[in-house]
Amino acid sequence: MDFKQEVVETIAKVVSLPKEKIEALIERPKNVKLGDYAFPTFALAKIEHKNPAVIASELTAKLVNDNFAEIVAVGPYINFAIDHAKLVSVTLKKVLADQDKYGDQDTNQGNVPIDMSSPNIAKPMSMGHLRSTVIGNSIAKILQKIGFTPIKINYLGDYGTQFGKLITAYKLWGNEEAVKKDPITNLFHYYVKFHEEAEKDPKLEDEGRAWFKKLEEGDAEAVELWQWFREVSLQEFNRIYKELGVTFDSYNGEAFFNDKMQPVVDELRAKNLLHESRGAQVVDLDDDENPALILKSDGTSLYITRDLAAALYRKKEYNFAMSLYVAGNEQSGHFKQLKQVLGKMGYDWQKDIHHIPFGLITQNGKKLSTRKGNVVFLDNVLKDAVKLALEQIEAKNPNLANKEQVAHQVGVGAVIFHDLKNERLDNFDFNLNEVVRFEGDTGPYVQYTNARAQSILRKANVAIDDTKLALSDDWAFAVAKDIADFPAIIQKAFEKFEPSVIAKYSLNLSKKFNKYYANVRILNQDDELNARLALVQATSIVLTESLRLLGVDAPKEM
Ligand code: ARG
């Protein structure tokens, strides 16, 4: 039960403020003796020109809700006290019945393509692509829990004039064995070398253009090389995805839309939206200073031309309820234009398209640069994280079975959790030692708390009876109250496309559970043993599920 929502609903019946406004006003009294929620009447007093304390007592007389043990006016506040024992037993019963389905909304809410990760072939995957991968993966899981069908699309950057340059470079300096051994490092090296050499010898640019033209025309050699570059790059990306535990439903990248752009251009023309501007074909937009550039003066297409074709394709293919794009903040202008052009074409579903931007990862406050080859960086980060995790496991639990596997779950989980615990748009600093700690606001701390709960249940080794669930202490109530909030937390994470809501929640629940553990003798043989074990089990279910929604494993022992 969402008690805060109950407070909102109850108050909404007697005051004429909008529900969002009421919700925003509700406070949590610092002193728990004063109740669990408080509604201040100052805002109403202003409107009605009355004394706040008078309003509070007048309104309180009209309020009824059985879910609260008490609703009382205290000065200018209306205080709501939850019936603690009832909350604990109702919540535990629900979680024990639903298990890992707790918080699911099983309504069929429709398809949601999520454009995520989308690295560029023959280039190192940047930290931005990593963030897109991890954020997109979590949002997909949250959507699924809410009742949508997510479709994870890796819109690979696998086409464009740069492939003409890359073919030229490969033919001049390439080595097949080297590419096979370490594809991205070597391909990227040729590409960089091309640019260096082209500055001295501009004829190289012509050659690059010529090879791109051949590729466009389907020349066998050009196509074969392009396909090979794509394949070996993808193999390398897949290694990283495997480490992270991320899969995709589609790898339809930019190239897939090569033959799907002409119809879009035709449609724009037929709808009288295209006009010439300095030789190029553009669409004028209302509240944007820059028109959208659809075709360059030489007739070639642009990034937005492909994205228009992709958006139309996705609408047709998936008939989506929403269409999401997890891509860096610097692309905001692009997605704004994309939506506006679709709107001008008469597609009101452009309103269902959401760009989900995110901030940068820094190291010691400095931006990380792709040029230095972050693919190496990322590989090493995950390896080092696993190593650090293993060291701590060796110290804490040297006899643990399958140590390597757990170290992998903890190390990789730590990196993912660290990314997701920060609000999406915030920049954050990355320091591996901070990330893999077992204490503090880290993924391993949540995993460790869950493993502790599991170990208590193993020690008790009894079946839990779902009819004896009454607990009256404040420590238990604090834990159960958070557990009761879980469905509302998922909803909030969904509405804001914000996995950090779940990460922060799991940290708070862990802290409360550890306080409970420190203050209550859980395994004591008395009448409340069953209810305490139920609380431990419910905590573990919700922590495991929270971690799963973030894309992090929850080992039962560590
Ligand atoms: N490949 C692009 C990049 O690395 C990201 C693609 C984002 N998705 C899209 N549909 N435009 O910047």
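Atoms within each ligand, like the ligands themselves, are counted from 1 in listed order. Any value given below was found using the heavy atoms of this structure, including those in side chains, with hydrogens, waters and symmetry copies removed. What you see is a predicted model, and the numbers here were worked out from it, not measured in a lab.
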Please verify the inter-ring angle class for [X] with [Y]; under 30° counts as parallel, over 60° as perpendicular, anything in between as tilted.
| X | Y | answer |
| --- | --- | --- |
| Y448 | F438 | tilted |
| F148 | F494 | tilted |
| H195 | Y191 | perpendicular |

With distance as the sole test, does K260 use its side chain to make a donor-acceptor pair with the main-chain N or O of F256 at under 3.5 Å?
->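 Here the side-chain-to-backbone pair exists.
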
Part of L156 with heavy atoms under 4.0 Å of ligand 1, whether side chain, backbone, both or neither | neither

Could you tell me whether F335 approaches ligand 1 through its side chain, its backbone, both or neither, with non-hydrogen atoms closer than 4.0 Å?
-> side chain

Check ion pair K141-E545 (N to O, under 4.0 angstrom) | no

Nearest protein heavy atom with distance in Å, relative to [atom]:
| atom | result |
| --- | --- |
| atom 6 (C) of ligand 1 | Y303 OH, 3.3 Å |
| atom 8 (N) of ligand 1 | D115 OD1, 3.0 Å |
| atom 12 (O) of ligand 1 | Q331 NE2, 2.9 Å |

Have a look at D307, D158, I121 and point out the one with the heavy atom closest to atom 10 (N) of ligand 1.
->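 It is D307 whose heavy atom sits nearest to atom 10 (N) of ligand 1.
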
Sequence neighbours excluded, the answer for ring pair (Phe, Tyr, Trp, His ring centres under 6.0 Å) partners of Y251 is F248

When only distance counts, is S118 in polar contact with ligand 1, meaning an N/O pair under 3.5 Å?
-> yes

Touching ligand 1 at all, H129? Heavy atoms, strictly under 4.0 Å?
->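 Yes, that is the case, since the closest heavy atom of the residue is under 4.0 Å from the ligand.
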
